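Below, each value reflects all heavy atoms present in this structure, side chains not excepted, and no hydrogens, waters or symmetry copies. Note that ligands are numbered from 1 as they come in the structure, with each ligand's atoms numbered from 1 the same way. These numbers were taken from a predicted model, which means no experiment stands behind them. We number each residue from 1, following the sequence as shown.
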Amino acid sequence: MALIVQKYGGSSVVNTDRIKNVAQRVAEYRRRGDQVIVVVSAMGGVTDRLISLAHDIMPVPTEREMDMLLATGEQTTIALTAMALHALNISAISLTGAQAGIETDGMHTKAKIKNITPKQVHQILDQGHVVIVAGFQGQTREGHITTLGRGGSDLTAIAIAAAVKADLCQIYTDVDGVYTTDPRIVPHAKKLDEISYDEMLELASSGAKVMQSRSVEFAKKFRVTFEVRSSLNQNPGTIVKEETANMEHIVVRGVSLDKHQAKATLIGVPDRPGVASQIFKALNEAAVNVDMIVQNVGHGTNPTTDLSFTVERTDLPKSREVIDALATEVGFTDIVTQEEMGKLSVVGVGMKSHSGIAAKLFEVLAEEEINIDMISTSEIKLSVVVSLAQGERALKAAHDAFIGWNSSPSGSGRLRKHRNGEWSLTPKPSSLSQMPSTT
Ligand code: ADP
Ligand code: ASP
Ligand code: MG
(Lines give C-alpha, C1' and ligand atoms only; values in the text may rest on other atoms or scores of the structure.)
(Ligands and ions follow the chains in the order given, each with its own letter.)
Protein backbone atom coordinates (compact mmCIF):
# COMPACT_ATOMS: atom_id res chain seq x y z
CA MET A 1 0.00 0.00 0.00
CA ALA A 2 1.39 3.37 -1.04
CA LEU A 3 0.45 6.93 -0.15
CA ILE A 4 -0.06 8.73 -3.46
CA VAL A 5 -0.67 12.38 -4.31
CA GLN A 6 -2.27 12.90 -7.73
CA LYS A 7 -2.80 16.36 -9.18
CA TYR A 8 -5.20 16.89 -12.07
CA GLY A 9 -4.89 20.17 -14.02
CA GLY A 10 -7.63 22.22 -15.66
CA SER A 11 -7.81 20.25 -18.91
CA SER A 12 -8.07 16.96 -16.99
CA VAL A 13 -11.23 18.23 -15.24
CA VAL A 14 -12.56 20.49 -18.01
CA ASN A 15 -16.02 18.85 -18.07
CA THR A 16 -17.98 16.22 -16.16
CA ASP A 17 -16.82 13.42 -18.47
CA ARG A 18 -13.20 14.25 -17.71
CA ILE A 19 -14.00 14.42 -13.99
CA LYS A 20 -15.56 10.94 -14.24
CA ASN A 21 -12.38 9.81 -16.01
CA VAL A 22 -10.31 11.18 -13.10
CA ALA A 23 -12.56 9.31 -10.66
CA GLN A 24 -11.99 6.05 -12.59
CA ARG A 25 -8.24 6.45 -12.32
CA VAL A 26 -8.37 7.30 -8.62
CA ALA A 27 -10.67 4.32 -8.07
CA GLU A 28 -8.12 1.97 -9.68
CA TYR A 29 -5.43 3.02 -7.21
CA ARG A 30 -7.88 2.91 -4.31
CA ARG A 31 -9.10 -0.58 -5.21
CA ARG A 32 -5.57 -1.93 -5.15
CA GLY A 33 -5.27 -0.57 -1.59
CA ASP A 34 -3.38 2.68 -2.02
CA GLN A 35 -4.22 5.80 -0.03
CA VAL A 36 -4.90 8.65 -2.42
CA ILE A 37 -4.84 12.41 -2.00
CA VAL A 38 -6.21 14.12 -5.10
CA VAL A 39 -5.42 17.78 -5.81
CA VAL A 40 -7.55 19.41 -8.47
CA SER A 41 -7.44 22.66 -10.43
CA ALA A 42 -10.43 24.68 -11.53
CA MET A 43 -12.18 23.29 -14.62
CA GLY A 44 -10.17 24.45 -17.66
CA GLY A 45 -10.92 28.09 -18.58
CA VAL A 46 -12.80 28.84 -15.33
CA THR A 47 -10.02 30.86 -13.67
CA ASP A 48 -9.66 33.01 -16.81
CA ARG A 49 -13.42 33.55 -16.90
CA LEU A 50 -13.50 34.58 -13.24
CA ILE A 51 -10.66 37.05 -13.84
CA SER A 52 -12.50 38.59 -16.76
CA LEU A 53 -15.72 38.88 -14.72
CA ALA A 54 -13.77 40.79 -12.07
CA HIS A 55 -12.32 43.11 -14.72
CA ASP A 56 -15.82 43.78 -16.06
CA ILE A 57 -16.66 45.21 -12.65
CA MET A 58 -13.49 47.28 -12.20
CA PRO A 59 -10.09 47.49 -13.97
CA VAL A 60 -7.97 46.83 -10.89
CA PRO A 61 -9.99 44.74 -8.41
CA THR A 62 -8.73 44.49 -4.84
CA GLU A 63 -6.49 41.47 -4.53
CA ARG A 64 -8.23 40.08 -1.46
CA GLU A 65 -11.57 39.89 -3.25
CA MET A 66 -9.85 38.53 -6.34
CA ASP A 67 -8.59 35.60 -4.26
CA MET A 68 -12.03 35.10 -2.72
CA LEU A 69 -13.39 34.88 -6.28
CA LEU A 70 -10.66 32.70 -7.82
CA ALA A 71 -10.76 30.17 -5.00
CA THR A 72 -14.34 29.29 -6.02
CA GLY A 73 -13.02 27.68 -9.23
CA GLU A 74 -11.16 24.92 -7.41
CA GLN A 75 -13.93 24.60 -4.84
CA THR A 76 -16.37 23.62 -7.58
CA THR A 77 -14.02 20.90 -8.84
CA ILE A 78 -13.33 19.30 -5.45
CA ALA A 79 -17.04 18.78 -4.79
CA LEU A 80 -17.69 17.40 -8.30
CA THR A 81 -14.68 15.07 -8.08
CA ALA A 82 -15.82 13.75 -4.69
CA MET A 83 -19.29 13.13 -6.16
CA ALA A 84 -17.80 11.32 -9.16
CA LEU A 85 -16.01 8.99 -6.74
CA HIS A 86 -19.19 8.47 -4.71
CA ALA A 87 -20.89 7.45 -7.96
CA LEU A 88 -18.27 4.66 -8.21
CA ASN A 89 -18.88 3.64 -4.59
CA ILE A 90 -15.54 5.03 -3.46
CA SER A 91 -15.73 7.10 -0.30
CA ALA A 92 -14.15 10.52 -0.68
CA ILE A 93 -14.15 13.80 1.23
CA SER A 94 -13.26 17.17 -0.27
CA LEU A 95 -11.28 19.86 1.54
CA THR A 96 -10.52 23.48 0.73
CA GLY A 97 -6.88 24.55 0.93
CA ALA A 98 -7.52 25.97 4.39
CA GLN A 99 -9.15 22.75 5.62
CA ALA A 100 -6.16 20.82 4.29
CA GLY A 101 -4.00 22.96 6.58
CA ILE A 102 -2.27 25.13 3.96
CA GLU A 103 -1.19 28.35 5.66
CA THR A 104 0.19 31.14 3.49
CA ASP A 105 1.52 34.66 3.85
CA GLY A 106 -0.79 37.55 3.01
CA MET A 107 0.51 38.31 -0.53
CA HIS A 108 -2.88 37.96 -2.22
CA THR A 109 -2.85 36.44 -5.74
CA LYS A 110 0.73 35.16 -5.32
CA ALA A 111 0.88 33.95 -1.74
CA LYS A 112 3.72 31.78 -0.47
CA ILE A 113 3.07 28.66 1.57
CA LYS A 114 4.39 29.17 5.11
CA ASN A 115 3.25 25.99 6.75
CA ILE A 116 1.19 22.86 6.16
CA THR A 117 -0.64 21.08 8.97
CA PRO A 118 -2.24 18.10 7.23
CA LYS A 119 -3.94 16.77 10.38
CA GLN A 120 -7.37 16.55 8.83
CA VAL A 121 -5.91 15.00 5.66
CA HIS A 122 -4.33 12.19 7.71
CA GLN A 123 -7.50 11.65 9.74
CA ILE A 124 -9.64 11.30 6.63
CA LEU A 125 -7.12 8.96 4.97
CA ASP A 126 -6.97 6.84 8.11
CA GLN A 127 -10.76 6.53 8.05
CA GLY A 128 -10.40 4.97 4.61
CA HIS A 129 -11.52 7.86 2.41
CA VAL A 130 -9.93 9.48 -0.61
CA VAL A 131 -9.06 13.11 0.19
CA ILE A 132 -9.75 15.68 -2.52
CA VAL A 133 -7.91 18.97 -1.95
CA ALA A 134 -8.59 22.26 -3.75
CA GLY A 135 -5.38 23.30 -5.51
CA PHE A 136 -4.08 26.87 -5.87
CA GLN A 137 -5.47 28.14 -2.55
CA GLY A 138 -4.56 28.58 1.08
CA GLN A 139 -5.42 30.75 4.04
CA THR A 140 -3.50 33.28 6.10
CA ARG A 141 -3.13 32.86 9.84
CA GLU A 142 -5.79 35.59 10.17
CA GLY A 143 -8.21 33.52 8.09
CA HIS A 144 -8.12 35.31 4.72
CA ILE A 145 -8.33 33.11 1.60
CA THR A 146 -5.28 33.44 -0.68
CA THR A 147 -4.17 31.98 -4.03
CA LEU A 148 -0.71 30.78 -5.00
CA GLY A 149 -0.16 32.38 -8.44
CA ARG A 150 -1.31 31.03 -11.83
CA GLY A 151 -0.66 27.33 -12.23
CA GLY A 152 -0.50 27.10 -8.43
CA SER A 153 -2.25 23.72 -8.09
CA ASP A 154 1.11 22.18 -9.02
CA LEU A 155 2.52 23.82 -5.89
CA THR A 156 -0.35 22.55 -3.74
CA ALA A 157 0.34 18.99 -4.90
CA ILE A 158 4.10 19.12 -4.37
CA ALA A 159 3.74 20.82 -0.99
CA ILE A 160 1.20 18.28 0.24
CA ALA A 161 3.36 15.41 -1.05
CA ALA A 162 6.26 16.83 0.98
CA ALA A 163 4.11 17.40 4.07
CA VAL A 164 2.61 13.89 4.16
CA LYS A 165 5.84 12.23 2.92
CA ALA A 166 4.00 10.65 0.00
CA ASP A 167 5.46 7.59 -1.72
CA LEU A 168 4.47 8.94 -5.13
CA CYS A 169 3.55 12.35 -6.51
CA GLN A 170 1.93 12.37 -9.94
CA ILE A 171 1.07 15.51 -11.90
CA TYR A 172 -1.58 14.61 -14.48
CA THR A 173 -1.97 16.92 -17.45
CA ASP A 174 -2.96 16.93 -21.13
CA VAL A 175 0.42 15.86 -22.57
CA ASP A 176 2.41 12.67 -21.92
CA GLY A 177 5.09 14.42 -19.87
CA VAL A 178 7.77 17.06 -20.17
CA TYR A 179 8.94 17.38 -23.77
CA THR A 180 12.09 18.85 -25.29
CA THR A 181 9.86 21.81 -26.10
CA ASP A 182 6.15 22.62 -26.18
CA PRO A 183 4.73 19.82 -28.37
CA ARG A 184 1.94 22.15 -29.45
CA ILE A 185 4.46 24.38 -31.21
CA VAL A 186 6.93 21.70 -32.31
CA PRO A 187 4.95 18.49 -32.97
CA HIS A 188 8.11 16.35 -33.26
CA ALA A 189 9.33 17.43 -29.79
CA LYS A 190 10.49 14.41 -27.85
CA LYS A 191 9.12 13.28 -24.50
CA LEU A 192 11.82 13.13 -21.83
CA ASP A 193 12.02 10.17 -19.47
CA GLU A 194 13.68 12.27 -16.81
CA ILE A 195 14.82 15.80 -16.14
CA SER A 196 16.64 17.42 -13.21
CA TYR A 197 14.96 19.96 -10.93
CA ASP A 198 17.29 22.71 -12.17
CA GLU A 199 16.54 22.04 -15.83
CA MET A 200 12.80 21.84 -15.14
CA LEU A 201 13.02 25.06 -13.15
CA GLU A 202 14.84 26.92 -15.93
CA LEU A 203 12.38 25.65 -18.55
CA ALA A 204 9.36 26.43 -16.36
CA SER A 205 10.56 29.95 -15.61
CA SER A 206 11.27 30.56 -19.31
CA GLY A 207 7.85 29.76 -20.67
CA ALA A 208 7.30 25.97 -20.40
CA LYS A 209 4.01 26.18 -18.54
CA VAL A 210 3.77 22.42 -18.06
CA MET A 211 4.88 23.01 -14.43
CA GLN A 212 4.56 26.14 -12.32
CA SER A 213 8.14 27.23 -11.60
CA ARG A 214 7.53 27.87 -7.90
CA SER A 215 6.31 24.30 -7.51
CA VAL A 216 9.58 23.00 -8.98
CA GLU A 217 11.58 25.20 -6.59
CA PHE A 218 9.58 23.72 -3.74
CA ALA A 219 10.12 20.17 -5.00
CA LYS A 220 13.87 20.80 -5.22
CA LYS A 221 14.03 22.26 -1.73
CA PHE A 222 12.10 19.38 -0.14
CA ARG A 223 13.42 16.69 -2.51
CA VAL A 224 10.03 15.63 -3.80
CA THR A 225 10.53 13.41 -6.84
CA PHE A 226 7.46 13.66 -9.05
CA GLU A 227 6.15 12.38 -12.34
CA VAL A 228 4.42 14.48 -15.02
CA ARG A 229 2.06 12.32 -17.07
CA SER A 230 -1.15 12.28 -19.06
CA SER A 231 -4.60 11.84 -17.55
CA LEU A 232 -5.83 10.53 -20.90
CA ASN A 233 -3.72 7.37 -21.26
CA GLN A 234 -1.55 4.98 -19.25
CA ASN A 235 1.79 6.00 -20.81
CA PRO A 236 4.65 6.51 -18.37
CA GLY A 237 5.52 10.17 -17.96
CA THR A 238 8.61 12.22 -17.11
CA ILE A 239 10.34 11.88 -13.76
CA VAL A 240 11.55 15.17 -12.30
CA LYS A 241 14.29 14.51 -9.78
CA GLU A 242 17.68 15.41 -8.45
CA GLU A 243 20.51 15.67 -10.98
CA THR A 244 22.48 12.49 -11.54
CA ALA A 245 25.94 12.15 -13.08
CA ASN A 246 24.67 10.71 -16.36
CA MET A 247 22.37 13.68 -16.97
CA GLU A 248 25.35 15.78 -18.01
CA HIS A 249 25.76 13.60 -21.10
CA ILE A 250 22.87 15.44 -22.64
CA VAL A 251 24.03 18.96 -23.44
CA VAL A 252 20.65 20.52 -24.25
CA ARG A 253 17.67 18.97 -22.46
CA GLY A 254 15.07 21.35 -23.81
CA VAL A 255 14.22 24.71 -25.34
CA SER A 256 11.42 27.08 -24.41
CA LEU A 257 9.78 30.27 -25.54
CA ASP A 258 8.38 32.89 -23.22
CA LYS A 259 5.85 34.85 -25.26
CA HIS A 260 5.04 37.36 -22.55
CA GLN A 261 8.08 39.62 -22.63
CA ALA A 262 8.28 43.37 -23.24
CA LYS A 263 11.27 45.65 -23.51
CA ALA A 264 11.94 49.23 -22.41
CA THR A 265 14.94 51.31 -23.54
CA LEU A 266 15.99 54.52 -21.81
CA ILE A 267 17.92 56.74 -24.21
CA GLY A 268 20.57 59.25 -23.18
CA VAL A 269 20.94 58.11 -19.59
CA PRO A 270 23.80 59.94 -17.76
CA ASP A 271 26.63 57.43 -17.39
CA ARG A 272 27.50 58.00 -13.74
CA PRO A 273 27.48 55.88 -10.58
CA GLY A 274 24.10 55.47 -8.88
CA VAL A 275 21.85 55.87 -11.92
CA ALA A 276 21.14 52.17 -12.47
CA SER A 277 20.49 51.81 -8.77
CA GLN A 278 17.93 54.67 -8.85
CA ILE A 279 16.07 53.13 -11.78
CA PHE A 280 15.98 49.51 -10.65
CA LYS A 281 15.27 50.36 -7.02
CA ALA A 282 12.17 52.27 -8.11
CA LEU A 283 11.03 49.36 -10.30
CA ASN A 284 11.62 46.92 -7.48
CA GLU A 285 9.61 49.06 -5.06
CA ALA A 286 6.74 48.95 -7.55
CA ALA A 287 7.00 45.11 -7.51
CA VAL A 288 8.08 45.00 -11.17
CA ASN A 289 10.17 41.93 -11.84
CA VAL A 290 13.01 42.94 -14.21
CA ASP A 291 14.50 40.07 -16.18
CA MET A 292 17.34 41.04 -18.54
CA ILE A 293 19.32 44.28 -18.46
CA VAL A 294 21.71 45.59 -21.12
CA GLN A 295 23.68 48.84 -20.87
CA ASN A 296 25.81 50.32 -23.64
CA VAL A 297 29.19 51.97 -23.12
CA GLY A 298 29.12 55.78 -22.70
CA HIS A 299 31.42 58.05 -24.73
CA GLY A 300 32.76 61.63 -24.36
CA THR A 301 33.35 63.92 -21.39
CA ASN A 302 29.74 63.95 -20.13
CA PRO A 303 28.93 60.45 -21.26
CA THR A 304 25.40 59.22 -21.75
CA THR A 305 24.31 55.70 -22.51
CA ASP A 306 21.26 53.65 -23.52
CA LEU A 307 19.84 51.21 -20.99
CA SER A 308 17.42 48.42 -21.96
CA PHE A 309 15.57 45.97 -19.77
CA THR A 310 12.82 43.37 -20.14
CA VAL A 311 9.76 42.78 -18.00
CA GLU A 312 6.58 40.68 -18.23
CA ARG A 313 4.31 42.37 -20.78
CA THR A 314 1.63 42.95 -18.12
CA ASP A 315 4.17 44.94 -16.06
CA LEU A 316 5.08 47.30 -18.91
CA PRO A 317 2.48 50.04 -18.16
CA LYS A 318 3.55 50.07 -14.49
CA SER A 319 7.23 50.19 -15.53
CA ARG A 320 6.53 53.17 -17.79
CA GLU A 321 4.82 55.04 -14.97
CA VAL A 322 7.78 54.40 -12.65
CA ILE A 323 10.32 55.47 -15.28
CA ASP A 324 8.34 58.56 -16.37
CA ALA A 325 8.25 59.69 -12.74
CA LEU A 326 12.08 59.47 -12.65
CA ALA A 327 12.65 61.50 -15.84
CA THR A 328 13.75 64.77 -14.23
CA GLU A 329 15.63 63.19 -11.35
CA VAL A 330 17.68 60.82 -13.58
CA GLY A 331 17.79 63.05 -16.66
CA PHE A 332 17.47 60.65 -19.63
CA THR A 333 16.21 61.98 -22.95
CA ASP A 334 13.62 59.44 -24.07
CA ILE A 335 12.03 56.07 -23.34
CA VAL A 336 11.10 53.61 -26.07
CA THR A 337 9.03 50.50 -25.33
CA GLN A 338 8.45 47.35 -27.37
CA GLU A 339 5.50 45.30 -26.17
CA GLU A 340 5.78 42.28 -28.42
CA MET A 341 8.95 40.46 -27.45
CA GLY A 342 9.72 36.79 -26.86
CA LYS A 343 12.52 35.05 -24.98
CA LEU A 344 14.01 31.88 -26.36
CA SER A 345 15.93 29.73 -23.88
CA VAL A 346 18.15 26.70 -24.35
CA VAL A 347 18.56 24.61 -21.17
CA GLY A 348 20.70 21.67 -20.10
CA VAL A 349 22.93 20.66 -17.17
CA GLY A 350 25.46 19.45 -19.76
CA MET A 351 26.05 23.09 -20.70
CA LYS A 352 28.18 23.37 -17.54
CA SER A 353 30.89 21.31 -19.21
CA HIS A 354 30.31 22.00 -22.92
CA SER A 355 31.19 25.12 -24.86
CA GLY A 356 29.96 26.31 -28.22
CA ILE A 357 26.23 26.42 -27.46
CA ALA A 358 26.03 30.20 -27.79
CA ALA A 359 27.97 30.21 -31.06
CA LYS A 360 25.72 27.52 -32.46
CA LEU A 361 22.50 29.26 -31.39
CA PHE A 362 23.63 32.57 -32.89
CA GLU A 363 24.54 30.80 -36.13
CA VAL A 364 21.15 29.08 -36.31
CA LEU A 365 19.31 32.35 -35.73
CA ALA A 366 21.48 34.15 -38.26
CA GLU A 367 20.62 31.52 -40.87
CA GLU A 368 16.95 32.20 -40.15
CA GLU A 369 17.65 35.97 -40.38
CA ILE A 370 16.31 36.44 -36.87
CA ASN A 371 17.74 39.42 -35.04
CA ILE A 372 18.93 38.91 -31.44
CA ASP A 373 17.94 41.82 -29.23
CA MET A 374 19.43 40.82 -25.90
CA ILE A 375 21.40 37.88 -24.52
CA SER A 376 21.80 36.40 -21.07
CA THR A 377 23.49 33.27 -19.79
CA SER A 378 23.55 31.19 -16.64
CA GLU A 379 25.41 27.98 -15.90
CA ILE A 380 22.75 25.79 -17.49
CA LYS A 381 20.76 28.24 -19.63
CA LEU A 382 21.28 30.57 -22.58
CA SER A 383 18.48 33.03 -23.37
CA VAL A 384 18.01 35.48 -26.22
CA VAL A 385 15.30 38.09 -26.68
CA VAL A 386 13.78 38.22 -30.17
CA SER A 387 10.70 39.85 -31.62
CA LEU A 388 7.56 37.91 -30.75
CA ALA A 389 6.64 37.59 -34.42
CA GLN A 390 9.81 35.55 -34.98
CA GLY A 391 9.63 33.67 -31.66
CA GLU A 392 8.10 30.38 -32.81
CA ARG A 393 10.36 30.21 -35.86
CA ALA A 394 13.36 30.78 -33.60
CA LEU A 395 12.13 28.06 -31.22
CA LYS A 396 11.70 25.51 -34.02
CA ALA A 397 15.11 26.30 -35.49
CA ALA A 398 16.84 26.04 -32.10
CA HIS A 399 14.99 22.83 -31.25
CA ASP A 400 15.95 21.18 -34.52
CA ALA A 401 19.57 22.30 -34.24
CA PHE A 402 20.11 21.11 -30.68
CA ILE A 403 17.68 18.24 -30.33
CA GLY A 404 17.00 17.28 -33.89
CA TRP A 405 14.19 15.55 -35.66
CA ASN A 406 15.16 11.96 -35.23
CA SER A 407 16.29 11.35 -31.67
CA SER A 408 14.33 8.26 -30.71
CA PRO A 409 12.37 8.28 -27.48
CA SER A 410 14.32 6.58 -24.74
CA GLY A 411 13.06 3.76 -22.54
CA SER A 412 10.47 4.27 -19.92
CA GLY A 413 9.00 2.52 -16.94
CA ARG A 414 7.16 2.89 -13.66
CA LEU A 415 8.32 5.15 -10.84
CA ARG A 416 8.95 3.36 -7.55
CA LYS A 417 10.19 4.44 -4.17
CA HIS A 418 12.39 1.91 -2.38
CA ARG A 419 12.64 1.25 1.36
CA ASN A 420 15.93 3.15 1.51
CA GLY A 421 14.10 6.24 0.23
CA GLU A 422 15.61 6.09 -3.27
CA TRP A 423 13.48 6.25 -6.40
CA SER A 424 13.86 4.25 -9.56
CA LEU A 425 12.13 3.54 -12.81
CA THR A 426 11.32 -0.09 -13.54
CA PRO A 427 12.21 -1.42 -16.00
CA LYS A 428 15.36 0.66 -16.12
CA PRO A 429 15.32 3.32 -18.82
CA SER A 430 17.64 2.76 -21.75
CA SER A 431 20.37 5.40 -21.89
CA LEU A 432 19.22 8.71 -23.25
CA SER A 433 20.33 9.55 -26.76
CA GLN A 434 23.32 11.81 -26.82
CA MET A 435 23.46 15.10 -28.62
CA PRO A 436 26.08 15.42 -31.33
CA SER A 437 29.04 17.65 -30.49
CA THR A 438 28.13 21.31 -30.85
CA THR A 439 31.54 22.90 -30.72
P1 ADP B 1 -2.66 21.73 -16.58
O2 ADP B 1 -4.00 22.35 -16.88
O3 ADP B 1 -2.71 20.24 -16.52
O4 ADP B 1 -1.97 22.34 -15.41
P5 ADP B 1 -1.05 23.29 -18.39
O6 ADP B 1 -1.86 23.80 -19.53
O7 ADP B 1 -0.75 24.22 -17.28
O8 ADP B 1 -1.77 21.98 -17.86
O9 ADP B 1 0.33 22.67 -18.92
C10 ADP B 1 0.34 21.72 -19.95
C11 ADP B 1 0.72 22.39 -21.26
O12 ADP B 1 2.05 22.88 -21.19
C13 ADP B 1 0.74 21.47 -22.45
O14 ADP B 1 -0.54 21.35 -23.04
C15 ADP B 1 1.78 22.08 -23.38
O16 ADP B 1 1.19 22.78 -24.45
C17 ADP B 1 2.50 23.10 -22.50
N18 ADP B 1 3.97 22.95 -22.56
C19 ADP B 1 4.85 23.97 -22.73
N20 ADP B 1 6.09 23.53 -22.75
C21 ADP B 1 6.05 22.19 -22.57
C22 ADP B 1 7.03 21.17 -22.49
N23 ADP B 1 8.35 21.44 -22.59
N24 ADP B 1 6.61 19.91 -22.31
C25 ADP B 1 5.30 19.62 -22.19
N26 ADP B 1 4.32 20.54 -22.26
C27 ADP B 1 4.68 21.83 -22.45
N1 ASP C 1 -6.81 27.35 -11.66
C2 ASP C 1 -5.54 28.03 -11.48
C3 ASP C 1 -5.04 28.61 -12.81
O4 ASP C 1 -5.71 28.48 -13.81
C5 ASP C 1 -4.49 27.14 -10.85
C6 ASP C 1 -4.07 25.94 -11.68
O7 ASP C 1 -4.73 25.59 -12.66
O8 ASP C 1 -3.04 25.33 -11.33
O9 ASP C 1 -4.01 29.22 -12.83
MG1 MG D 1 -0.76 24.09 -15.17
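A 4.5 Å side-chain heavy-atom check between H399 and T180 finds at least one atom pair inside the cut-off. Looking only at side-chain heavy atoms (C-beta outward), M374 and V384 stay at 4.5 Å or farther from each other. Side-chain contact between I195 and T238: present, with at least one pair of heavy atoms (C-beta onward) separated by less than 4.5 Å. When side chains are defined from C-beta on, Q6 counts as touching V36, because their heavy atoms get closer than 4.5 Å. Counting heavy atoms from C-beta on, the side chains of K259 and I185 come closer than 4.5 Å. R32 places none of its side-chain heavy atoms less than 4.5 Å from the side chain of M1.
With respect to E242 and K220, no salt bridge is recorded, no charged nitrogen being found less than 4.0 Å from a carboxylate O. The pair R313-D315 does not meet the salt-bridge criterion, since no charged nitrogen lies less than 4.0 angstrom from a carboxylate oxygen. Ion pair K352/E243 flagged as a salt bridge, since at least one NZ, NE, NH1 or NH2 atom sits closer than 4.0 Å to an Asp/Glu carboxylate oxygen.
The residue from R184, K209, R18 that alone fulfils the salt bridge (Lys or Arg N to Asp or Glu O under 4.0 Å) condition with D174 is R184. M66 pairs in a side-chain contact (heavy atoms from CB on, under 4.5 Å) with only one of the listed residues (T109, T147, L50), which is T109. A side-chain contact (heavy atoms from CB on, under 4.5 Å) with S345 holds for exactly one of S256, S205, S376; it is S256.
Only side-chain heavy atoms of E74 come within less than 4.0 Å of ligand 2; its backbone N, CA, C and O stay farther off. Contacts of L203 with ligand 1, taken as heavy-atom pairs under 4.0 Å, are absent altogether. Under 4.0 angstrom from ligand 1, there are no non-hydrogen atoms of S153.
T117 contributes no side-chain N or O that, together with a main-chain N or O of K119, makes up a donor-acceptor pair within less than 3.5 Å. Side chain of T72 to backbone of M68: no donor-acceptor contact under 3.5 angstrom is found. Here the side chain of K360 pairs a donor or acceptor atom with the backbone of A401 at under 3.5 angstrom.
Every atom of ligand 1 is numbered from 1 in the order shown, and the set under 4.0 Å from a heavy atom of T181 is 22 (C), 23 (N). Shown in contact with V178 at under 4.0 Å from a heavy atom are these atoms of ligand 1, numbered in order with element: 24 (N). Applying the 4.0 Å criterion to heavy atoms of K7 picks out, from ligand 1, the atoms 4 (O). Of all atoms in ligand 1, numbered sequentially from 1 with element shown, those under 4.0 Å from a heavy atom of A208 are 19 (C), 20 (N). Atom numbering of ligand 2 starts at 1 in the shown order; those under 4.0 Å from a heavy atom of S41 are 6 (C), 7 (O), 8 (O). Every atom of ligand 1 is numbered from 1 in the order shown, and the set under 4.0 Å from a heavy atom of Y179 is 22 (C), 23 (N), 24 (N), 25 (C). Here is the list of ligand 1 atoms found below 4.0 Å of a heavy atom in G177: 24 (N), 25 (C). Taking a cut-off of under 4.0 Å to the non-hydrogen atoms of G9, the atoms of ligand 1 that pass are 1 (P), 2 (O), 3 (O), 4 (O).
Looking at D154 next to ligand 2, no N or O pair under 3.5 Å apart turns up. On a distance-only criterion, K7 and ligand 2 share no N/O pair closer than 3.5 Å. For a threshold of 3.5 Å applied to N or O pairs, the pair formed by R184 and ligand 1 contains at least one separation below that value.
Scanning the protein heavy atoms around atom 3 (O) of ligand 1, the nearest turns out to be T173 OG1, 2.7 Å. Shortest contact from atom 4 (O) of ligand 2 to any protein heavy atom: R150 NH2, 2.9 Å. The nearest heavy-atom contact from the protein to atom 2 (O) of ligand 1 is G10 N, 3.0 Å. Scanning all protein heavy atoms for the shortest distance to atom 7 (O) of ligand 1 gives K209 O, 3.4 Å. The protein heavy atom nearest to atom 11 (C) of ligand 1 is D174 OD1, 4.0 Å. Protein heavy atom in closest approach to atom 21 (C) of ligand 1: D182 CA, 3.6 Å. At the top of the distance list for atom 26 (N) of ligand 1, counting protein heavy atoms only, stands V210 CB, 3.5 Å.
At least one heavy atom of S11 lies less than 4.0 angstrom from ligand 1. Proximity of G10 to ligand 2 is not established, as no heavy-atom distance is less than 4.0 Å. At least one heavy atom of G151 sits less than 4.0 Å from an atom of ligand 2. Look at S12 and you'll find every heavy atom at least 4.0 Å from all atoms of ligand 1.
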